[in-house]
Amino acid sequence: MSDAQTKRMSDLLFVSGFPEGETLYSCLHRNFEYSRVRDFPAAFKRAFHCKPGLRGTPTNIGEIYAAFAYRFRSFDELIAKNTEYPLYLKGLPEEKKSQLIERITGKVPGPARPTRPPLLFGSSSETAKYCPECSEQRRYDLGFTYQHLRENAPYVEYCPIHGKELRSSNVQLPLYDLYCKEMPSAYQRERSIVLSQRIWTCLDGDQDSSQFEKAQVIETLRHAGWLGENGRMNLALFIQSFSAFFAGSFSDVRIALLCHEEKLVHDTIRALLRPDHGVFWLWCILFTWFANERPCEKVQQRRIPSEKPVPPTPEEVSSQLAVHMSLKATAVAMNIPASALTILCRRYDLPITWRAKKIDKNLTEAIYKAFIRCPRRLRMPD
């Protein structure tokens with residue numbers, strides 16, 4: 001943007017202000033009309049270096065801020081309150097967030113979004129959406145209405161405040177969007193409202209939105225038992241439970257396929273656990289939602305090492321042997337295996353034999369008498 005163009009934009013009549021939450025496209029469109037700028041597409045292209053559209057993630061913000069936005073808020077507040085970049089910052093590691101801000105300050109030759117969904121899974125940004133009651137409330141409070149970031153954020157189909165489906169500013173949505181959306185059931189409508197509320201939370205940037213940061217999502221998975229202390233997880237069980245949890249939750253086919261495509265979930269989890277990779281912000285919302293409401297049932301509990309039993313002293317073993325006069329009986333009385341008692345006796349040099357190993361005269365006579373008393377039928381043949 002040349003100096004003359006910048007001066008021309010700064011001379012526009014911004015009589016209506018620049019409310020928080022309004023898109024840059026909406027602000028320029030209104031004020032261009034007030035200033036009687038006839039060729040709005042050409043003026044928009046000079047400002048944004050692209051054709052007119054919702055453009056929730058514009059580039060060249062530095063020049064736009066220097067041209068007119070400095071009158072209303074600081075540069076950081078402009079990015080936080082009037083763009084969709086707070087959404088995309090959720091899935092980025094900390095070192096890449098500052099790089100993104102530096103990048104979008106100037107003109108970006110190509111896509112400015114750091115992360116994006118797979119091809120054909122993205123939400124259309126060609127048609128503006130609005131809630132009739134919210135729009136009427138803005139007209140009552142400010143005297144005009146505008147395109148709000150929260151209502152035009154990707155995948156937002158319902159107004160969480162009034163619970164009503166958002167309307168399109170055009171007569172008909174793009175055909176691709178129409179084919180991707182089915183008639184919602186009551187359950188799908190309820191789940192879509194919850195999703196819209198969480199997307200609004202990410203855009204507002206309040207304290208509750210910190211739970212959707214990439215690092216916090218990993219901690220939530222670890223707290224729920226899906227991620228072990230060693231950084232490993234049962235991916236097969238996680239993918240199966242994740243898909244079952246969101247089964248039939250959304251009437252938008254694109255979100256439904258995101259939740260049920262095993263390879264997409266697998267690759268996203270791998271990227272989430274890598275410290276230098278970013279993930280699409282919608283995954284952060286879905287993973288946090290799932291982990292908070294469905295903790296892992298097979299949480300491996302840490303084994304507490306049992307205390308080693310203290311072996312009995314030589315005096316205790318000797319006294320028990322003197323009482324029971326048998327190795328087996330002594331082992332039963334002391335509640336230890338007979339083999340362990342034998343080892344203890346050998347360690348303590350304790351005698352465990354109560355019968356003579358040699359047959360003396362007395363034992364010979366006792367055996368002979370027993371043989372005489374034995375019935376004849378039991379004797380061995382001569």
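Computed from a predicted model, the values in this text were never measured in an experiment.
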Does Asn82 reach the side chain of Phe72, with side-chain heavy atoms less than 4.5 Å apart?
-> no
Would Glu165 and Arg189 pass as an ion pair if we require N to O under 4.0 Å?
-> no
Partner of Trp283 under ring pair (Phe, Tyr, Trp, His ring centres under 6.0 Å), picked from Phe287, Trp281, Phe280, is Phe287
Is there a side-chain contact between Lys96 and Pro114, using heavy atoms and a 4.5 Å cut-off?
-> no
Please determine, by modelled atom types, if His324 and Gln320 share a side-chain donor-acceptor pair under 3.5 angstrom.
-> yes
State, to 0.1 Å, how close Lys129 and Val156 come at their nearest heavy-atom pair, and which atoms those are.
-> NZ-O, 2.8 Å
Over all atoms of both residues, closest heavy-atom pair of Val317 and Cys345 = CG1-SG, 4.0 Å
Under 4.5 Å between any side-chain heavy atoms of Gln188 and Asp252, yes or no?
-> no
Salt bridge or not for Glu133 and Lys164, using N-O below 4.0 Å?
-> yes
Mind listing the closest non-hydrogen atom pair of Tyr348 and Thr313 along with its distance?
-> CE1-C, 4.0 Å
Have a look at Glu157 and tell me which of Arg254, Arg191, Lys181 forms a salt bridge (charged side-chain N to carboxylate O under 4.0 Å, His left out) with it.
-> Lys181
Any cation-pi pair here, Arg73 with Phe18, using under 6.0 Å and within 45°?
-> yes
Check: Ser251 and Met183 side chains under 4.5 Å, non-hydrogen atoms | no
Checking side chain to side chain donor-acceptor pair (under 3.5 Å) for the pair Ser135/Thr145: CA distance, chi angles, key distance, verdict?
-> CA-CA 6 Å; Ser135 181; Thr145 187; 2.9 Å; yes
Please answer whether the main-chain N or O of Gln147 pairs with a side-chain N or O of Ser26 as donor and acceptor at a distance below 3.5 Å.
-> yes
Point-to-point distance, once rounded to the nearest 0.5 Å, from CG of Leu92 to NZ of Lys214 | 8.5 Å
Decide yes or no for Phe250 and Leu258: does some side-chain heavy atom of the first lie under 4.5 Å from some side-chain heavy atom of the second?
-> no
Quick one: are Phe242 and His260 in side-chain contact, heavy atoms under 4.5 Å?
-> no
Salt-bridged, Glu151 to Arg138, with N to O below 4.0 Å?
-> yes
Electrostatic pair Lys97:Glu213 at N-O distance under 4.0 angstrom | yes
Cation-aromatic face contact Arg294/Phe238, 6.0 Å, 45 degrees | no
Check whether any side-chain heavy atom of Leu282 lies under 4.5 Å from a side-chain heavy atom of Pro117, and answer yes or no.
-> no
Which value, rounded to the nearest 0.5 Å, describes the distance between Ser196 atom OG and Leu166 atom CG?
-> 7.0 Å
Distance, nearest 0.5 Å, that separates NE2 of His148 from CG of Leu203 | 9.0 Å
Is there side-chain contact between Cys259 and Ser243, with heavy atoms separated by less than 4.5 Å?
-> no
